[in-house]
Amino acid sequence: MDFVSIEKKWNEKWEKDNLYKFDENKLDKKYYLLEMFSYPSGLNLHLGHWWNFGLSDSFGRFKRMQGYNLFQPMGFDSFGLPAENYALKTGIHPEDSTLRNIATMEKQLRNIGGTFNWDYEVVTCKPEYYKWTQWLFVQLFKKGLAYQKQAPVNWCPSCNTVIANEQVVEGLCERCGNEVIKKNMTQWFFKITDYAERLLSGLDQIDWPQKTKILQKNWIGKSIGCEVDFKTEDKKHTLTVFTSRVDTIYGVSWLVIAPEHPLLPKLVTKEHKTEVDAYIKEAAKKDEIARSSTENVKTGVFTGTYVVNPLNGAKVPVYVADYVIASYATGIVMGVAAHDTRDFDFAKVYKTPVVQVIEGKNGEKVDLPFTDYGRLINSAEFTGLSSEEAKEKIADKLEKLGAGRRKTNYKLRDWSVSRQRYWGCPIPIIHCPYCGAVAVPEKDLPVILPKIHDYKPEGEGPLGKVDSYMNVKCPKCGADARRDPDTLDAFVCSSFYQLRYPDAHNSKEIFDSKKINKICPIDTYVGGVEHATAHLLYSRFITMFLHDIGKVDFDEPFKRLVHQGMVLDPKTNKKMSKRNGGKTADDYVNEFGSDALRLHMMFSMNYIDGGPWYDDGLKHMKAFMERIERIVLSWAKLGNENSTLNGSEESELEYARAFCIKEMTSSFEIFSFNTAIARLMELVNAMYKYDKVERKNEVLAKSVMLDVIKLIAPATPHFAEELWQLIGMPYSVHNQLYPVCDESKLKKAEIEIAVQVNSKIITRLSVPTDSTNEKVLALVKLDSKVKNALLGKSIVKEIVVPGRIVNIIVK
RNA sequence: GCUGGUGUGGCGGAACGGCAGACGCACAGGACUUAAAAUCCUGAGAGGGCAACUUCGUGUGGGUUCAAGUCCCACCACCAGCACCA
């Protein structure tokens, strides 16, 4: 069979027939399968695309043949830095290059022979899509969840622009390698922190890989503790600290305030001003990234101020040190050297005291015995109170005193969405000198991104230079006003695309809720783990928000998540993108056909783990397909003779088929493609074995043969279709139902068990499958080897695991 | 440093606490062929033995169990994420 030429033929026919059409009238058995969409790079599809789209498409085909009404749309994440950088590199306007690249990639993705529903395509850089990105922004703005504030951003002095966190690699700009600095700028933020608790608790309800849940959990970083108010000696100022170890409060030896803390200038005494100012200046030079990458050498200076411990009245010095982060919790921490390694490091350098006092059961103070510096003390040993109990007691006491309160903090920060870039969704805000930031009225959406040619990033939104775009009237008061010059982070565009797909061409609203509630949430979402704390978190947040404003009736977008592993370059063991030893994906397709490529990818690696690419297997997969072809074509000629009924060869073949169907089905379900194909190979081997039987049951042989074609159809769609046609079956194999396992055929009359004496295997015996444990033991004891082993010994214990093992313990 | 994950033949990789190495590659032998390729069949973890057989084997060291690749403890190596989060 010429695998290459049949592919073109079938792709064209399937497309012409719209074979994989999603039926909107049959939503009771829908299956929404989605792969993370990609940005249109303009390059040829590489092996990673095949790995991602090809294999999950096979999963989709499997669901489809199980009778599901499959919805598997496709689109392009076409705004944002990758597209813009490509444009800057080539000098072609991003709009032109992006649209051209989309056309190229669309064509190639069609060549994969996937079941993608192109009728529902979304392209995030098109006004009919980004109208709804802007609409979403406006809704968030109306609810106070989109707001502006001044915040430090990553600034690359060489590229003269702000860059995203993801583009800062070890403190350097990913593109030019120059050092990135922090710069304060007014930015738009989404208040994702309001959803911290729901984003955390929602993880319990979804079928996601454990590691991804843990990544998100750590990213959200919930910390339960207390705020404690320390007043200055003159009672003019209150310094509030956050601690998760309020039980150690009697051991507080000092307080540390972050250099950027607004209260700091008021605390510094005259004598210490010069020293503190110098320290602040020094700290400002280093941004948070630089600070965290330096060794754990603690630096800091005394401010000259003392505060009072609200619980025991102790006088506590206040230091300023840059190991405290201004933006987390209150920006002030208490120093308890005996219970915290960071505090201990600080104590070593500054010779601050290490006090170890703790409150006992009846409120008495217990001096803990002296231990090595930095060793955390288990106070429960000395007080009879667990740390948790002690925390509760002290929290109660603080609340009674009015000097503190229980408090939960999160590491999660609000989502910075402004980009000083051209190629993005314009922010639908008008800044009015009288009314402030005003949302563009919904009837005026979308705010069209003007096609300009001077879009080089220079630190401010390039749109700011376009007066025809910028100058508008305030929608509220009619005064002269200016648009926001920035664009939105592309992650905003991709945060709701999965909900837009089923109603992709709705021009009246973001989507029709009734329809979306029937088709969404996504049954299975396939994509890389690298999006764990960005896209996958943002999408959950936005879905929860849309739920809260009544647009959807669910609040988790992806019921099940599967991460495909990475195909690695065999030489570097890094992610492989374009080619391997000069060969592109296209080369493989042209030489072996896309079916062989898919099959090789399925069989040679574990989909979840990925691994280094090697191409030896391609020719073997082609050979395997030809092995199938030979037996199928030879059995196609068989008549309808029932020459034998239920002979042992027949039951073996029946068993092989039933086992294969059962195992393939469960393997496909969990994306374990390699074992699924292994089981299919076993069935094909069994067919060859049966082929040697002289007087075959031709009816049985034929039905097994048909099942094999159906079973392989999801993995090699073109090949299966061609075989189906060659044996004269009516088009199309992809409209057949996936074979269902006949459980009754899985019962064998006899089953081999291992026989152990003292846990050591003595022999293997066949016993009737239905025998009781007693019968099995009796049979086993008749065996001469077993008799020998038991000779002169007394039996202590007998263990029978039905169908598996017999273990006789003797003395 | 913290948090996860991984570690199995020459290779890719299988194994609900129950016969380790499924399936495949590479390898060896056989059939077919003038021959090669392709195909079909058979063999095979490693060591020892002509053989029946036997010893050792899932990163290392302990433990639990009738039984451990699988569970527990400690350690090593690699990969990933977070990185002074109080």
Side-chain angles (χ1 to χ4, degrees), chain A residues 209-219 221-223 225-227 241-246 248 255-256 258 288-289 291-298 321-325 327-336 339-343 345-346 409-413 529-530 532-533 566 568 573 600 603-606 608-609 611-614 616-617 619-621 623-624 626-627 630-631 663 667 672 674-685 688-689 691-692 752-764 796-810:
Chain A
Q210 198 54 34
K211 77 170 163 184
T212 315
K213 289 189 184 183
I214 290 169
L215 281 173
Q216 288 208 349
K217 198 177 158 204
N218 293 342
W219 187 261
K222 183 178 182 175
S223 173
C226 278
E227 285 183 352
V241 305
F242 174 72
T243 177
S244 60
R245 289 296 308 275
V246 75
T248 67
L255 252 50
V256 188
E288 278 180 32
I289 299 156
R291 278 193 217 166
S292 61
S293 60
T294 52
E295 290 301 299
N296 277 352
V297 178
K298 300 284 177 288
D322 66 3
Y323 78 85
V324 176
I325 296 165
S327 52
Y328 179 72
T330 64
I332 308 173
V333 304
M334 57 188 215
V336 187
H339 296 273
D340 185 288
T341 49
R342 290 178 310 260
D343 292 344
D345 290 339
F346 190 80
N409 273 311
Y410 300 88
K411 280 196 230 176
L412 183 71
R413 307 291 163 81
V529 68
E530 66 273 17
T533 52
M566 267 193 292
L568 304 175
N573 252 10
H600 170 61
F603 183 63
S604 67
M605 284 179 267
N606 176 311
I608 309 288
D609 295 340
W613 170 256
Y614 64 98
D616 294 358
K619 60 173 185 283
H620 310 305
M621 291 304 111
F624 173 57
E626 281 164 347
R627 185 171 157 86
R630 274 190 300 275
I631 194 90
E663 294 293 311
S667 294
S672 181
N674 52 349
T675 54
I677 302 303
R679 297 293 86 81
L680 186 71
M681 286 171 168
E682 284 168 355
L683 178 56
V684 173
N685 289 344
Y688 269 87
K689 201 175 165 197
D691 196 44
K692 299 274 179 289
E752 193 184 69
I753 58 164
V755 183
Q756 296 178 327
V757 173
N758 282 349
S759 305
K760 204 173 141 162
I761 291 172
I762 297 293
T763 186
R764 292 174 174 84
V796 179
K797 198 174 178 186
E798 293 165 329
I799 295 140
V800 183
V801 182
R804 289 187 182 273
I805 217 156
V806 170
N807 193 359
I808 302 171
I809 307 302
V810 297

(request) Please state the P separation for the pair B/rC84 and B/rA20 - nearest whole angstrom. (result) 49 Å
(message) Measure OH/A/Tyr614 against C1'/B/rC25 and give the value in whole Å, please.
(response) 7 Å
(request) Please tell me if the side chains of A/Ser759 and A/Ile809 come closer than 4.5 Å, counting only heavy atoms from C-beta onward. (result) yes
(request) Answer with yes or no whether the side chains of A/Ser327 and A/Arg413 bring together a donor and an acceptor at under 3.5 Å. (result) yes
(request) Give the minimum heavy-atom separation between A/Val324 and A/Val256, together with the two atoms involved. (result) CG2-CG1, 3.6 Å
(request) Let me know the distance between CD1 of A/Ile325 and P of B/rC82, rounded to the nearest Å. (result) 15 Å
(request) Name the pairing partner of B/rC2, where a pair is Watson-Crick or G-U wobble with both distances under 3.5 Å, or state none. (result) B/rG81
(request) Could you state the atom-to-atom distance from CD1 of A/Ile631 to P of B/rU39 in whole Å? (result) 14 Å
(message) Quick check on RNA chain B: between A/Ala754 and A/Trp219, whose nearest nucleotide comes earlier from the 5' end?
(response) A/Ala754
(request) Write down the distance separating the P atoms in B/rC73 and B/rG4, rounded off to the nearest Å. (result) 12 Å
(request) Go through B/rC19, B/rC40, B/rG24 for me and flag the one nearest to the A/Ile761 side chain. (result) B/rC19
(request) Please state the P separation for the pair B/rG18 and B/rG63 - nearest whole angstrom. (result) 22 Å
(request) Sticking with atom C1', work out how far B/rA44 lies from B/rA35, rounded to a whole angstrom. (result) 28 Å
(request) Flag this pair as yes if the NZ/CZ of A/Lys298 is under 6.0 angstrom from the six-membered ring centre of A/Phe346 and inside a 45 degree cone about the axis; otherwise no. (result) no
(message) To check you understand the geometry: which heavy-atom pair defines the closest contact between A/Arg245 and A/Met334, and what is its length?
(response) O-CE, 3.8 Å
(message) Going by the glycosidic torsion and a 90 degree boundary from 0, is the base of B/rG13 oriented syn or anti?
(response) anti
(request) Please measure how far the C1' atom in B/rG17 lies from the corresponding atom in B/rC32, and state the result in whole Å. (result) 48 Å
(message) If you define the side chain from C-beta out and look only at heavy atoms, does anything of A/Ile808 sit under 4.5 Å from A/Ile762?
(response) no
Give each protein N/O atom lying under 3.5 Å from an N/O atom of nucleotides 4-11 of chain B, with the pair distance.
none

(message) Could you tell me how far B/rA52 sits from B/rA46 if I compare only their P atoms? Round to whole Å.
(response) 16 Å
(message) Please give me the minimum heavy-atom distance between A/Val241 and A/Val333, naming the atom from each residue.
(response) CG1-C, 3.9 Å
(message) If we ignore hydrogens and angles and just use 3.5 Å, is the side chain of A/Asn409 paired with the main-chain N or O of A/Ser223 as donor and acceptor?
(response) no
(message) As a test of reading the structure: which of B/rA26, B/rC23, B/rA86 is closest to the side chain of A/His620, going by heavy atoms?
(response) B/rA26
(message) Can you confirm whether A/Phe624 sits close enough to A/His600 that some side-chain heavy atom of one is under 4.5 Å from a side-chain heavy atom of the other?
(response) no
(request) Check every strand shown and say whether A/Asp609 touches a base, only sugar-phosphate, or nothing at a heavy-atom separation below 4.0 Å. (result) nothing
(request) Using whole Å, report how far CE of A/Met334 lies from P of B/rC84. (result) 20 Å
(message) Please compare A/Met681 and A/Lys692 by the position of their nearest nucleotide in RNA chain B and report the one closer to 5'.
(response) A/Met681
(message) Counting the atoms with a prime plus P, OP1 and OP2 as sugar-phosphate, which does A/Glu626 contact under 4.0 Å by heavy atoms, base, sugar-phosphate, or nothing?
(response) nothing
(request) Could you tell me whether the side chain of A/Gln756 reaches within less than 4.5 Å of the side chain of A/Ile805, counting heavy atoms only? (result) yes
(request) Nearest whole angstrom, please: distance from the P of B/rC25 to the CZ of A/Phe603. (result) 8 Å
(request) Write down the distance between CE (A/Met566) and P (B/rA80), rounded to a whole number of angstrom. (result) 8 Å
(request) Would you kindly give the NZ-to-C1' distance between A/Lys619 and B/rC25, to the nearest whole Å? (result) 9 Å
(message) Base, sugar-phosphate or nothing for A/Ala532? Non-hydrogen atoms, less than 4.0 Å.
(response) nothing
(request) Under 4.0 Å between any heavy atoms, over every strand shown, what does A/Phe624 touch: base, sugar-phosphate, or nothing? Just pick one. (result) nothing
(message) Measuring only the C1' atom in each nucleotide, how far is B/rA67 from B/rC16? A whole number of Å is fine.
(response) 15 Å
Between the protein and nucleotides 16-18 of chain B, list every N/O to N/O distance that falls short of 3.5 Å.
{"from": "B/rC16", "atom 1": "N4", "to": "A/Arg804", "atom 2": "NE", "distance (Å)": "2.6"}
{"from": "B/rC16", "atom 1": "N4", "to": "A/Arg804", "atom 2": "NH2", "distance (Å)": "3.1"}

